[in-house]
2 protein chains.
Amino acid sequence: MQKEIVIVKGAGFCFGVKRAIDIAFDIAKKYNSGVFTLGPIIHNPQVVEKLKEMGVFPIENVSEKNDIKTLIIRAHGIPKEKLNQLKLLGYEIIDATCPFVKKAQRIAEKLSSEGYQVIIIGDKEHPEVKGIHSYAGQNAIVINSENIPILNKKIGIIQQTTQPFMKVKEIMKKIINSLNEFEEIRIFNTLCNFTSRRLEATEKVAKNVDLMIVVGGKNSANTNQLASLCKKIGVKTYHIEDPKEIKKNWITPVKKIGITAGASTPDWIIEKVIDRVKRLLN
Amino acid sequence: MQKEIVIVKGAGFCFGVKRAIDIAFDIAKKYNSGVFTLGPIIHNPQVVEKLKEMGVFPIENVSEKNDIKTLIIRAHGIPKEKLNQLKLLGYEIIDATCPFVKKAQRIAEKLSSEGYQVIIIGDKEHPEVKGIHSYAGQNAIVINSENIPILNKKIGIIQQTTQPFMKVKEIMKKIINSLNEFEEIRIFNTLCNFTSRRLEATEKVAKNVDLMIVVGGKNSANTNQLASLCKKIGVKTYHIEDPKEIKKNWITPVKKIGITAGASTPDWIIEKVIDRVKRLLN
């Protein structure tokens with residue numbers, strides 16, 4: 001049987017992740033010691049390992065270590081209070097927060113200062129959202145469904161940068177249904193283009209293959225989103241972190257295999273996945 | 001056969017129209033001559049006649065008369081340039097523009113000055129919309145359907161005060177579908193509560209009667225809206241300006257008769273309509 005492998009365009013590292021990793025590696029080369037990332041720089045164990053080899057270690061809290069000189073803030077960003085606290089503690093802060101996330105933080109702060117109730121569409125447990133939320137004022141709420149407890153006549157809506165556009169639209173339309181209860185609804189588009197394009201491209205491929213392999217951290221929200229999307233389309237889908245997880249019996253019965261990857265998956269892992277699939281085909 | 005007449009709650013004069021008429025009658029009592037309204041004060045020939053009897057005449061243009069001292073601006077408002085021009089000509093201006101319309105004008109001006117492309121949902125030939133449009137800047141457009149030619153990444157949306165909420169929602173949802181093409185969508189609710197409540201109350205009645213009589217000027221947008229709504233519901237509907245138009249053969253075959261009226265219909269005309277229907281029932 002003739003087999004075909006289709007790689008999703010734009011799979012893997014997004015702009016913000018690439019940038020954060022570049023920053024981390026630059027700093028790693030520059031300093032000999034005392035460099036830490038607050039949380040893993042991205043949701044990818046291999047990248048975190050590489051940085052460790054270069055002397056840059058992830059910590060969850062500054063109290064863990066007492067030889068901290070430089071702290072790298074990862075792409076997701078951190079809450080405002082925490083950033084201020086770290087600055088006060090005298091560390092050198094290298095802020096690798098994704099510019100799209102920074103923009104969402106800035107808009108949240110502006111909306112709050114202008115008296116809007118800020119509504120963040122996203123997952124309230126996600127570090128990016130926790131960061132944005134900290135800029136959004138006391139009345140801000142995070143919503144993840146169409147049930148919206150509205151407290152104010154003036155609302156400002158933003159989104160976690162990696163939210164799926166379809167979901168955001170549905171929630172927004174629900175809010176529009178209650179337009180008569182508001183004086184003003186101000187919507188900022190804070191969605192990341194790279195993420196939406198990757199989702200769209202994945203959808204196209206998933207509709208035309210018999211099997212989808214989704215590569216990325218099991219705790220990566222955007223990778224999970226890719227996997228959910230594929231499953232929703234109805235194609236057989238496996239979410240893997242490591243190329244070794246791929247089994248021959250996944251590949252044997254199918255003709256067309258699609259491969260996509262989350263924003264925190266480096267190219268070299270995608271290459272390894274392709275290699276392994278090719279090898280199992282023979 | 002037992003017959004029933006149901007009068008829609010809130011039928012007739014709205015807040016802005018009542019206010020404009022009160023202002024016009026007050027001025028009529030105060031001055032002996034030289035008072036004119038720019039256009040008919042409301043879309044109701046009987047009210048216009050009453051004002052004429054008191055010496056207040058409608059004119060379309062100031063060049064028509066050379067004894068103008070005082071000019072009353074009607075509830076719909078007028079374009080900004082025209083207002084400035086009239087002020088320069090030295091007339092005393094009595095601005096009876098509906099406060100809801102004034103609010104829409106103010107928001108249009110603010111949005112335009114802050115760099116938004118202003119989108120006005122409404123009928124571009126309506127005097128109110130022409131007035132609001134004049135405050136909305138060069139890029140402003142008036143839309144009446146879901147096809148929206150968008151020129152800017154930042155748009156501000158307002159509505160003609162008397163637009164039906166259902167229609168506004170549908171257009172807004174269409175815009176939300178293109179959220180990814182925008183940086184910001186700012187929606188102000190400039191709909192008039194009185195109008196929406198009258199539409200809602202009319203809908204309720206229309207669904208429960210066999211015949212609807214809609215009273216109001218044939219050129220009154222909000223009255224036409226009431227008539228369209230009733231027809232859409234599927235109930236036999238007559239749009240009349242004058243109680244005398246009502247025919248016995250409309251009433252004879254039906255059991256329940258609903259009566260509603262546009263924002264420019266005075267109570268005494270509604271009373272006459274009720275009287276005539278009652279008389280024809282016997």
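Lettering of chains follows the sequences in order, A, B, ..., and the numbering in each one begins at 1.
Judged by distance alone, with hydrogens and angles left aside, the side-chain atoms of Glu128(A) form a donor-acceptor pair with the main-chain N or O of Thr161(A) at under 3.5 Å.
Chain A forms more heavy-atom pairs under 4.5 Å with one residue of Ile107(B), Asn193(B), Ile185(B) than with any other, namely Ile185(B). Among Met172(B), Lys173(B), Met166(B), Lys153(B), the residue with the largest count of heavy-atom pairs under 4.5 Å with chain A is Lys173(B).
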Please tabulate, one pair per line, all N/O donor-acceptor pairs under 3.5 Å involving side-chain atoms of residues 115-125 of chain B, not counting sequence neighbours.
| from | atom 1 | to | atom 2 | distance (Å) |
| --- | --- | --- | --- | --- |
| Tyr116(B) | OH | Arg186(A) | NH2 | 2.8 |
| Tyr116(B) | OH | Glu184(B) | OE1 | 3.2 |
| Tyr116(B) | OH | Glu184(B) | OE2 | 2.8 |
| Tyr116(B) | OH | Arg186(B) | NH1 | 3.2 |
| Gln117(B) | OE1 | Leu151(B) | N | 3.0 |
| Gln117(B) | OE1 | Asn152(B) | N | 3.2 |
| Gln117(B) | NE2 | Asn139(B) | O | 3.2 |
| Asp123(B) | OD1 | Glu125(B) | N | 3.0 |

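Only the backbone of Phe182(B) comes within contact range of chain A, with heavy atoms under 4.5 Å apart.
Between Glu203(B) and Lys207(B) there is a salt bridge, with a side-chain nitrogen of the basic residue lying less than 4.0 Å from a carboxylate oxygen of the acidic one.
For His126(A), the ring-ring contact (aromatic ring centres under 6.0 Å, His included) partners are His76(A), not counting sequence neighbours.
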